[in-house]
Amino acid sequence: MNKMPVVFVGHGSPMNVIEDNEFTKKWEEVGKRIPRPTAVLCVSAHWFTNGYFVSTVEKPATIHDFYGFPQELYEYEYRAKGAPDLAKQLIKMSEGLIKEKTDRGLDHGAWSVLKFMYPQADVPVCQLSVNGGRTPRENYLLGQSLKELRNEGVLILSSGNVVHNLGLLDASLERGGYPWALEFDRYIRDVICSHNHEEVINYQTAGDSAKFSFKYRDHYDPLLYVLGATDSDEKVEVFNEECVMGSISMTSYLIGA
């Protein structure tokens with residue numbers, strides 16, 4: 001079996017689910033382009049926990065973890081099967097570091113992207129939480145432990161945003177980013193493309209732009225899981241490179257395709 005690539009997606013607003021835009025078109029394109037996975041292991045910003053957890057649910061529910069959006073979004077259901085065998089493999093591989101969660105469905109960080117990558121919901125999927133109690137380096141190292149799964153046909157898909165500061169969001173600014181948002185987004189892009197993961201882990205080296213780019217690491221650390229699961233000689237492709245509403249980056253990465 002060919003080694004699967006890894007993907008980090010800047011997922012942005014849940015409204016992408018009911019819009020036809022260049023972001024969702026690219027998610028669809030990536031899903032068609034890469035080999036069909038045996039399962040998807042999704043690391044979503046919207047499962048931010050104290051500890052590492054993986055969902056063992058056989059039929060994960062669609063979690064509508066947002067408010068103030070059109071009713072159409074709350075009625076949408078993504079009916080993919082779970083991947084409990086993969087989840088239990090992770091628990092075993094981690095020697096108990098990753099704990100089982102038996103009642104966790106798919107949050108919108110997962111299904112809003114999977115809807116376009118695998119619209120038939122015919123690829124099993126389970127979620128791995130983002131551990132907010134660990135350092136960026138520790139989450140990167142956790143990603144390294146996932147690398148072997150790629151040889152088994154598992155797609156490691158992380159969903160977040162490199163820049164995600166809702167407190168400074170300007171909804172009237174549909175497209176474009178504040179200067180500091182663009183600066184940080186481009187800094188991270190450049191160091192990833194040069195395979196300099198240390199600078200992604202130690203993101204504060206970006207300077208003042210890093211201070212404004214996010215308040216919490218929930219949307220940033222999914223990137224570290226993906227980077228940890230890569231090799232230094234793999235091709236990095238950047239897509240959806242754009243900021244929206246001033247303070248959200250949609251910039252995404254496909255590595256090892």
*Checking salt bridge (charged side-chain N to carboxylate O under 4.0 Å, His left out) for the pair Glu29/Arg33: CA distance, chi angles, key distance, verdict?*
CA-CA 6 Å; Glu29 178 186 320; Arg33 176 184 165 194; 5.6 Å; no
*Is any side-chain N of the basic residue among Arg150 and Asp231 closer than 4.0 Å to the acidic one's carboxylate O?*
no
*Using 4.0 Å as the upper bound for N to carboxylate O, is an ion pair formed by Asp85 and Lys88?*
no
*Given side chain to side chain contact (heavy atoms under 4.5 Å, CB included), test Glu152 with Gln89 step by step and report yes or no.*
CA-CA 12 Å; Glu152 301 174 16; Gln89 180 183 351; 3.0 Å; yes
_side chain to side chain contact (heavy atoms under 4.5 Å, CB included) evaluation trace for Val200 with Tyr220_ = CA-CA 10 Å; Val200 187; Tyr220 184 78; 3.2 Å; yes
*Straight-line distance of Phe116 CZ to Asp20 CG, nearest 0.5 Å*: 8.0 Å
*Working to the nearest 0.5 Å, report the span between CG of Asp218 and NE2 of His46.*
7.5 Å
*Quick one: does Met250's side chain get under 4.5 Å of Asn161's, heavy atoms only?*
yes
_As a quick check of understanding, evaluate ring pair (Phe, Tyr, Trp, His ring centres under 6.0 Å) for His64 and Trp111, giving each step before the final call._
CA-CA 10 Å; His64 302 92; Trp111 59 259; 5.7 Å; yes
_Other residues, nucleotides, ligands: >12 heavy atoms within 6.0 Å of Glu174 CD_ = no
*So Val125 and Lys81, side chain to side chain contact (heavy atoms under 4.5 Å, CB included) or not? Walk me through it.*
CA-CA 6 Å; Val125 55; Lys81 293 181 180 179; over 6 Å; no
*SB check Asp122 Arg79 (cutoff 4.0 Å)*: no
_Aromatic Tyr52 / basic Lys99 pairing, under 6.0 angstrom, 45° off normal_ = no
*Is atom CZ of Phe69 surrounded by more than 12 heavy atoms (other residues, nucleotides or ligands) closer than 6.0 Å?*
yes
_Arg186 side chain reached by Ile188 side chain, heavy atoms, under 4.5 Å_ = no
*Is it true that Glu198 and Arg137 make a salt bridge, defined as a side-chain N closer than 4.0 Å to a carboxylate O?*
yes
*Ion pair Glu77/Lys115, N-O distance below 4.0 Å*: no
*Are Glu22 and Arg175 close enough for a salt bridge, meaning some N to O gap below 4.0 Å?*
yes
*asked:* ring pair (Phe, Tyr, Trp, His ring centres under 6.0 Å) for Phe214 and His219? Distances and angles first, verdict last.
replied: CA-CA 8 Å; Phe214 46 85; His219 280 69; 9.6 Å; no
*Do the two ring centres, one from Phe66 and one from Tyr74, sit under 6.0 Å apart?*
yes
*Could you tell me whether Asp221 and Arg134 have a side-chain N and a carboxylate O separated by less than 4.0 Å?*
no
*Classify the ring geometry between Tyr253 and Phe8 as parallel (under 30°), tilted (30 to 60°) or perpendicular (over 60°).*
tilted
_If hydrophobic clusters are built by linking Ile, Leu, Val, Met, Phe, Trp and Tyr wherever their side-chain heavy atoms come under 4.5 Å apart, do Tyr140 and Val130 end up in the same one?_
yes
_With a 4.5 Å cut-off on side-chain heavy atoms, are Leu142 and Leu97 touching?_
yes
*So Phe184 and Tyr203, would you call those rings parallel, tilted or perpendicular, with 30° and 60° as cut-offs?*
perpendicular
